[in-house]
S.K.: 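Just passing along the structure, written as structure tokens.
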Amino acid sequence: MFLNDELESKLKLACTENNYNCDNLFVEFSNAPQLADFQSNIAFFISKTVKLPPIKIAEQLACTLNSKNYENFIFSIAGAGFLNISLTNIGLSYYANKILINKDFCVKKTNTPKLIFLDYGGANIAKSLHMGHLRSPIIGEALNRLYRLLGHKTISDVHLGDWGLQMGLVIASLKSDGILDYYFKGKGNKPQITLDMLNEAYPKASLRMKEDLIFKKTAEDFTLFIQQGKQPYRKVFEEIKSVSITKIKQNYAQLNCYFDLWLGESDAEPFVEQTINIFKEKNLTQDYDGALIVNVAHEGENQPIPKKNDNDKQLYRNPMPPVFLKKSNGADLYDTSDLATIYMRNLQYSPDEIQYIVDERQGTAHFEKIFRAAKMSGISPENQILLHVGYGTMNGPDGKVFKTRDGGSIKLDDIINLVKTKAKDRLTENGIKNDDKTALSIGVAALKFCDLSNTVYKNYIFDVEKFCSFEGKTGPYIQYTGARIKSLLAKTDELDGKILINLNEEKQIVLAIFKFLDSFEACFKNHSLSTLCLSLYEICSAFSTFYNNIKILTQQNKTTRESYISLCKLVLRAIEIGLNTLAIDLPEKM
RNA sequence: GUGCCAUUAGCGCAACUGGAUAGAGCGAUUGGCUUCGAACCAAUAGGUUGCGGGUUCAAGUCCUGCAUGGCACACCA
């Protein structure tokens, strides 16, 4: 916590003076805010080793502490043995000013900066982005910014899905429709491959594959040909890739998501052979019906369960399937490219940590085995952290993965247009001169804040209404508070004054800012932005109360007026830092 | 079948290492714009934290059993 070091050292001193052991000493925000601002439960711990009731111990500590006459704090006791700490107005004012003039807003930087490699986005080439692609870039971008704010270095890679069977499927489908005659038969003019063609081809091919085994085989062959660099397959692949990337970049930019690297699975291809050789040299590979596998199961894992009927699928106790380095037809797989990618990243950047922001469903089992394989082979050095930040699925009202009525998924473009239109209507309704950029930033704020407010690993119910709701605990409410402060500050040119806290309304703002500063650590630890979202809301809520009850610019007393204005600046700065971390814009007017 | 995750107010969600009377938001009811921006503020109602046992001074939180739901489980990504 922001005041932890200071309060804990005071408490430690008091413990020492009373000859108490101060293990387990920590200070937290009060659970009974009507009684105090902070609390410590140290007396409960001390009473385990000392034969005294906790309340007596708390009393002694409070007495010792109060005898020091600290001007910023008052200590008291309550309940069974809580040691309560309140800030005086002098204390509140002191810290408010300290934060205001600090260039980092007193955001605690890390003592051990790391190089963190982030893998998020994960769009697929030849497939337009849909609802299922929302969370990874939103969460990834926010984590990226959080890490940098805390003093870490980061590299972000969009890691496009451009290397699997999907590519073979799309090309096989386009070819059978005659679109690729120029490449395959040398007939006609070079075709302009469009996004619409790709969007149509993939689902069609995907369906066809399930019934048409010859087509499936063709697609698998094509996939292999692309991977082998055979023409014209490779050329068509490159063509499709460049068409897709343009569109994907646009989509991500609308969400304020940017990447240092625009690499894909295919970029690890030059490292595949070396990667596989490492496994072979260490005798980690096995042959499995012509496929090349690595067994990563530990003792007792992946035990086959006897089948009831011969036709049943083989199931396993404590499932932990092997890593597949090569298919029996010689093609590479998801596993192969992920391992080669780790090898490549370590060769080029050797990060301290690699984080994958990937859907829990497709990630949990997969990354566990990939990480095991990477450690077994030494592709990932022992001290490198490999982490899968798995996020929950967006479910429909039935609790299952969200599907539209026709069984499909909503396109990302449609979602963005929806929230943007809704925001635009609202701007017009309020008589504010508006442009597409502002409308987009408000709509996207609603969407992103809604998503980031949820605990990252939990599934949540996708609700269109909620995604574009602008009132209450929402992104636009935060933006609105910021815009209102900006507009107010534009009306005055008074110099900054010292913040002097007197009113409860002011106190609540400062306490909310303490919580805000505290939230970064929790977010870092949990790889989740929900605590930051909440504390940002609490600042805005406290400010709105203040704003409604107190007249700022017309305040007669100059010192008080200047203090109010500085308090506004303090809040605005918090909003700016918070929204910037979440990668949400702050419009001038809305 | 095996494993992982979830279950908290009408709804969708919070609750920091186990701490005090489980919290805001939406929705509902009510009040507040002649005053710095009403995407706002204030107030009221709303709970046996899925069920049972256990550990503890203290359990939504830890352990255990059960119920319900979701997800994953061999050459898709």
Side-chain angles (χ1 to χ4, degrees), chain A residues 1 24 26 28-32 34-35 39 41 44 47-48 53-54 78-82 84 122 124 161 163-166 169 206 209 265 288-293 301-303 305 308 313-322 324-329 331 333-335 337 360-362 364-366 390 392-393 395 398-401 423 426-427 429-430 432 442 453-455 457-461 463 465-466 469-474 476-477 479-481 483-484 487-488 491-492 515 518-519 521-522 525-526 530-531 534 537-538 541 544-545 547-554 589-590:
Chain A
M1 195 190 54
N24 289 312
F26 57 93
E28 58 193 333
F29 287 97
S30 175
N31 289 313
Q34 73 283 11
L35 294 177
Q39 69 184 62
N41 303 334
F44 292 105
S47 81
K48 282 182 183 166
F82 296 101
N84 283 339
N124 286 317
W163 204 232
L165 182 61
Q166 47 169 345
L169 279 169
S206 194
M209 175 185 81
E265 292 164 341
Y288 179 84
D289 290 347
L292 190 67
I293 66 167
E301 284 178 342
N302 220 45
Q303 308 291 321
I305 298 168
K308 284 187 187 135
K313 205 175 155 188
Q314 178 65 57
L315 295 169
Y316 296 83
R317 184 179 298 278
N318 296 322
M320 181 51 64
F324 275 77
L325 292 175
K326 286 277 178 198
K327 278 175 72 154
S328 38
N329 78 349
L333 288 135
Y334 188 32
D335 293 355
S337 84
E360 189 150 39
R361 285 175 305 163
Q362 59 169 317
T364 307
H366 169 72
T393 323
N395 289 336
D398 58 354
K400 293 184 185 171
V401 177
R426 187 59 172 273
L427 284 164
E429 202 179 293
N430 291 356
I432 291 180
I442 295 168
S453 296
N454 291 290
T455 305
Y457 65 87
K458 280 195 192 174
N459 296 345
Y460 72 87
I461 309 277
D463 179 357
E465 289 296 314
K466 209 184 156 192
S469 103
F470 301 155
E471 274 117 44
K473 202 181 283 182
T474 65
Y477 173 79
Q479 292 178 312
Y480 177 75
T481 311
R484 217 155 53 156
S487 139
L488 183 134
K491 291 188 166 69
T492 173
K515 278 197 186 167
D518 192 38
S519 72
E521 207 179 320
K525 202 172 69 187
N526 302 325
S530 58
T531 322
L534 182 67
Y537 171 75
E538 283 180 356
S541 175
S544 295
T545 305
Y547 183 86
N548 255 269
N549 294 352
I550 308 297
K551 284 167 197 77
I552 298 164
L553 296 179
T554 51
K589 281 195 190 321
M590 62 182 283

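We name chains A, B, ... by the order of the sequence lines, and we start the count at 1 in each one.
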S.K.: Separation of A:Glu28 atom CD from B:G19 atom P, in whole Å?
M.R.: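 Distance, rounded to whole Å: 7 Å.
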
S.K.: Using the rule for Phe, Tyr, His and the six-membered ring of Trp, do A:Phe44 and B:A58 stack at under 5.5 Å and under 30°?
M.R.: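 So no, this residue does not stack on that base, at least one cut-off failing.
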
S.K.: Of A:Ala522 and A:Ser544, whose closest RNA chain B nucleotide lies nearer the 5' terminus?
M.R.: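 That would be A:Ala522.
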
S.K.: Any N or O donor-acceptor pair under 3.5 Å from the base of B:A20 to the side chain of A:Gln39?
M.R.: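 Pair found.
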
S.K.: Hey, are A:Tyr288 and A:Ser328 close enough side-chain-wise for a donor-acceptor pair under 3.5 Å?
M.R.: no

S.K.: About how many Å separate NZ of A:Lys589 and OH of A:Tyr480, when rounded to the nearest 0.5 Å?
M.R.: 12.0 Å

S.K.: For B:U55, what is the paired nucleotide under Watson-Crick or G-U wobble rules, both distances under 3.5 Å?
M.R.: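 Its partner: none found.
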
S.K.: Applying a 3.5 Å limit to both distances, which nucleotide forms a Watson-Crick or G-U wobble pair with B:G18?
M.R.: none

S.K.: Could you go through nucleotides 60-70 of chain B and list every protein N or O atom that sits under 3.5 Å from one of its N or O atoms, giving the distance for each pair?
M.R.:
none

S.K.: Between the base of B:A22 and the side chain of A:Asn31, is there a donor-acceptor distance below 3.5 Å?
M.R.: no

S.K.: A side-chain contact here means heavy atoms from C-beta on lying under 4.5 Å apart; do A:Lys473 and A:Ser453 qualify?
M.R.: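 A:Lys473 vs A:Ser453: side chains apart.
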
S.K.: On the ring face of A:Phe470, is A:Arg426 found with NZ or CZ under 6.0 Å from the centre and within 45° of the axis?
M.R.: no

S.K.: Would you mind telling me which of B:A74, B:C41, B:A20 lies closest to the side-chain atoms of A:Asn302?
M.R.: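 The listed nucleotide nearest to A:Asn302's side chain is B:A74.
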
S.K.: How many whole angstroms separate atom CZ of A:Arg484 from atom C1' of B:A39?
M.R.: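 It works out to 9 Å between those atoms.
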
S.K.: Side chain of A:Asn84 only, heavy atoms from C-beta on: which candidate in B:A20, B:C75, B:G1 is closest?
M.R.: B:A20

S.K.: Which atoms form the tightest heavy-atom contact between A:Asn31 and A:Gln39, and what is the distance?
M.R.: N-OE1, 2.8 Å

S.K.: If we take the C1' atom in both B:U48 and B:U8, what is their distance in whole Å?
M.R.: 12 Å

S.K.: Could you pull out the protein-nucleic contacts involving nucleotides 24-31 of chain B (nitrogen or oxygen on both sides, under 3.5 Å)?
M.R.:
from  : atom 1 : to       : atom 2 : distance (Å)
B:A24 : N3     : A:Lys473 : NZ     : 3.0
B:G25 : O2'    : A:Lys473 : N      : 3.3

S.K.: Report yes if at least one side-chain N or O of A:Ser328 is closer than 4.0 Å to OP1 or OP2 of B:C75; otherwise report no.
M.R.: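 So the side-chain polar atoms of A:Ser328 never come under 4.0 Å of the phosphate oxygens OP1 or OP2 of B:C75.
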
S.K.: Taking the P atom in each of B:A9 and B:G23, what is the distance between them to the nearest angstrom?
M.R.: 14 Å

S.K.: For nucleotides B:A77 and B:U56, find the distance between their C1' atoms and express it as a whole number of Å.
M.R.: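 So the two C1' atoms sit 48 Å from each other.
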
S.K.: Can you tell me the Watson-Crick or wobble partner of B:U8, both distances under 3.5 angstrom?
M.R.: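 Across any shown strand, B:U8 pairs with none.
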
S.K.: If I compare all heavy atoms of A:Thr474 with all of A:Ser469, which pair ends up nearest, and what's the gap?
M.R.: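 Residues A:Thr474 and A:Ser469, closest heavy atoms: CG2-O, 3.4 Å.
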
S.K.: Nearest to the A:Tyr457 side chain among B:A20, B:G1, B:C5, which nucleotide is it?
M.R.: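 Closest of the options to the side chain of A:Tyr457: B:C5.
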
S.K.: Base, sugar-phosphate alone, or nothing: which one does A:Ile550 contact when heavy atoms must sit under 4.0 Å apart?
M.R.: base

S.K.: In terms of side-chain heavy atoms of A:Asp289, which of B:U2, B:A77, B:C75 is nearest?
M.R.: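 Selected nucleotide: B:C75.
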
S.K.: Which class fits the ring pair A:Tyr334 and A:His366: parallel under 30°, tilted 30 to 60°, perpendicular over 60°?
M.R.: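 Plane angle under 30°, so parallel.
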
S.K.: Both distances under 3.5 Å, Watson-Crick or G-U wobble: report the partner of B:A38, or none.
M.R.: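 Across all strands, not a single nucleotide pairs with B:A38.
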
S.K.: Could you check which of B:A20, B:A74, B:C13 has an atom nearest any side-chain atom of A:Ile461?
M.R.: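 The closest nucleotide is B:C13.
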
S.K.: Name the nucleic acid region contacted by A:Tyr477, choosing base, sugar-phosphate or nothing; use a 4.0 angstrom heavy-atom cut-off, strictly under.
M.R.: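 Answer is sugar-phosphate: A:Tyr477 comes under 4.0 Å of backbone atoms only.
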
S.K.: Whether A:Thr455 contacts B:A14 is assessed here as follows: a side-chain N or O lying under 4.0 Å from the phosphate OP1 or OP2. Is that the case?
M.R.: yes

S.K.: So if I take every side-chain heavy atom of A:Pro321 and compare against B:C16, B:G37, B:A74, which nucleotide ends up nearest?
M.R.: B:A74

S.K.: Between B:G1 and B:A45, how many Å separate the two C1' atoms, rounded to a whole number?
M.R.: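 Those two atoms are separated by 48 Å.
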
S.K.: What's the closest nucleotide to the A:Lys525 side chain, out of B:C16, B:A20, B:U21?
M.R.: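 Of the options given, the side chain of A:Lys525 lies nearest B:C16.
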
S.K.: Expressed as a whole number of angstroms, how long is the span from A:Leu35:CG to B:G19:C1'?
M.R.: 13 Å

S.K.: Mind calculating the distance between NZ (A:Lys48) and C1' (B:A58) to the nearest angstrom?
M.R.: 10 Å

S.K.: Could you give the OH-to-C1' distance, from A:Tyr547 to B:U35, as a whole number of Å?
M.R.: 10 Å

S.K.: Just the rounded figure in Å: distance from P of B:C33 to CG of A:Asn548.
M.R.: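 After rounding, the gap between these two atoms is 12 Å.
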
S.K.: For the side chain of A:Tyr334, counting heavy atoms from C-beta on, which of B:A42, B:A77, B:G1 is nearest?
M.R.: B:A77

S.K.: Restricting to non-hydrogen atoms, name the atom on A:Ala80 and the atom on A:Pro54 that form the minimum distance, rounded to 0.1 Å.
M.R.: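 For A:Ala80 and A:Pro54, the tightest heavy-atom pair comes out as O-CB, 3.4 Å.
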
S.K.: Is B:C66 paired to anything, Watson-Crick or G-U wobble with both distances less than 3.5 Å, and if yes, which nucleotide?
M.R.: B:G50

S.K.: Considering only the C1' atoms, how many Å lie between B:G54 and B:A72, rounded to the nearest integer?
M.R.: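 Result for the C1' pair: 32 Å, nearest Å.
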
S.K.: Look at the side-chain N and O atoms of A:Tyr480 and state whether any lies under 4.0 Å from the OP1 or OP2 oxygen of B:A39.
M.R.: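 Affirmative; the distance criterion is met.
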
S.K.: Give a yes or no on this: more than 12 heavy atoms of other residues, nucleotides or ligands lie within 6.0 Å of atom CD of A:Gln314.
M.R.: yes

S.K.: State, yes or no, whether a side-chain contact exists between A:Asn41 and A:Phe82 at a heavy-atom distance under 4.5 Å.
M.R.: yes

S.K.: Can you check the A:Asn549 CG to B:C36 C1' distance for me, whole Å?
M.R.: 14 Å

S.K.: So which heavy atom on A:Asn459 is nearest to which on A:Thr393, and how close?
M.R.: OD1-N, 2.8 Å

S.K.: Using the P atom in both, what is the distance from B:A20 to B:A67, to the nearest Å?
M.R.: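 Those two atoms are separated by 32 Å.
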
S.K.: Say you pick atom P in B:C57 and the same atom in B:A14; how far apart are they, in whole Å?
M.R.: 32 Å

S.K.: With both distances kept under 3.5 Å, what pairs with B:A45, Watson-Crick or G-U wobble?
M.R.: none

S.K.: Does the structure show a Watson-Crick or G-U wobble partner for B:U2, both distances under 3.5 Å? Name it, or say none.
M.R.: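 For B:U2, the partner nucleotide comes out as B:A72, under the 3.5 Å rule.
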
S.K.: Any salt bridge linking A:Lys458 with A:Glu360? Criterion: basic side-chain nitrogen under 4.0 Å from a carboxylate oxygen.
M.R.: no

S.K.: Quick one: A:Glu265 CD to B:A77 C1', roughly how many Å, whole number?
M.R.: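 That distance rounds to 7 Å.
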
S.K.: Give the nucleotide from the list B:G37, B:U2, B:C13 with an atom nearest to the side chain of A:Lys491.
M.R.: B:G37

S.K.: Can you tell me, in whole Å, how much space there is between the C1' of B:C16 and that of B:U29?
M.R.: 35 Å

